[in-house]
Amino acid sequence: MERYYRIPVLLIDLSDIGDDVTSNSIISKLTLLAMHFPRLRVVWSCSLHATAEIFASLRANQDEPDEEKAIKMNQTSMEL
C-alpha cells in the first residue's frame, strides 16, 4: 500500500467479529503491522453505518481515483 498511497490506511470493521478472535492475537498482529509499516494509519469502526461514514469523510474533497494510473502503477511494480 505504501507504493500506491501517500498515507496508507487500514480500516478495521468490528461489526462482525467472531468469538475465535483473542486479544493476544489481535494485539500481536497490529503490533507487527505498526513495526513493519510505520506510516500506516489504523481506523476502527464499530458498525457498517460507521464504516460508511468514515469512507465518506475520508473521500471528502478528494478526486476520484484514476483507474488508468492505478493499472499503470500496478504493472510497473509487477515488472520490478
Side-chain angles (χ1 to χ4, degrees):
M1 285 178 41
E2 288 183 330
R3 286 186 231 165
Y4 305 113
Y5 301 101
R6 186 173 53 87
I7 302 172
V9 176
L10 171 65
L11 174 63
I12 300 174
D13 183 348
L14 298 175
S15 62
D16 191 25
I17 194 165
D19 294 335
D20 59 337
V21 177
T22 64
S23 62
N24 288 341
S25 67
I26 291 173
I27 291 170
S28 298
K29 290 176 183 177
L30 288 174
T31 302
L32 285 172
L33 276 172
M35 288 171 49
H36 290 282
F37 303 100
R39 290 184 20 210
L40 179 68
R41 301 297 179 250
V42 178
V43 179
W44 298 91
S45 171
C46 59
S47 69
L48 296 175
H49 180 72
T51 299
E53 287 181 356
I54 290 168
F55 274 123
S57 66
L58 289 173
R59 292 192 62 198
N61 302 319
Q62 299 291 322
D63 294 333
E64 287 294 317
D66 183 351
E67 183 178 353
E68 294 295 322
K69 183 178 177 183
I71 291 170
K72 185 183 277 187
M73 287 177 71
N74 189 40
Q75 289 172 345
T76 303
S77 68
M78 292 176 82
E79 292 172 0
L80 297 176

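Residues take their numbers from the sequence shown, with the count starting at 1. Quick note: numbers below take in every heavy atom, side chains included, and nothing from hydrogens, waters or symmetry partners. This structure is a prediction, so every number in the text was calculated from the model and none was measured.
No donor-acceptor distance shorter than 3.5 angstrom exists from the side chain of Arg39 to the backbone of Phe37, with no hydrogens or angles considered.
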Query raised in the report: Going through the distances and angles, do Val42 and Leu33 end up as a side-chain contact (heavy atoms from CB on, under 4.5 Å)?
Result: CA-CA 10 Å; Val42 178; Leu33 276 172; over 6 Å; no
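Qualifying side chain to side chain contact (heavy atoms under 4.5 Å, CB included) partners for Leu58, counting only residues two or more places apart in sequence or in other chains: Ile54.
Pro38 approaches Arg41 most closely through the heavy-atom pair O-NH1, 3.5 Å.
Considering CG of Leu48 and CD of Glu53, their distance stands at 11.5 Å, rounded to 0.5 Å.
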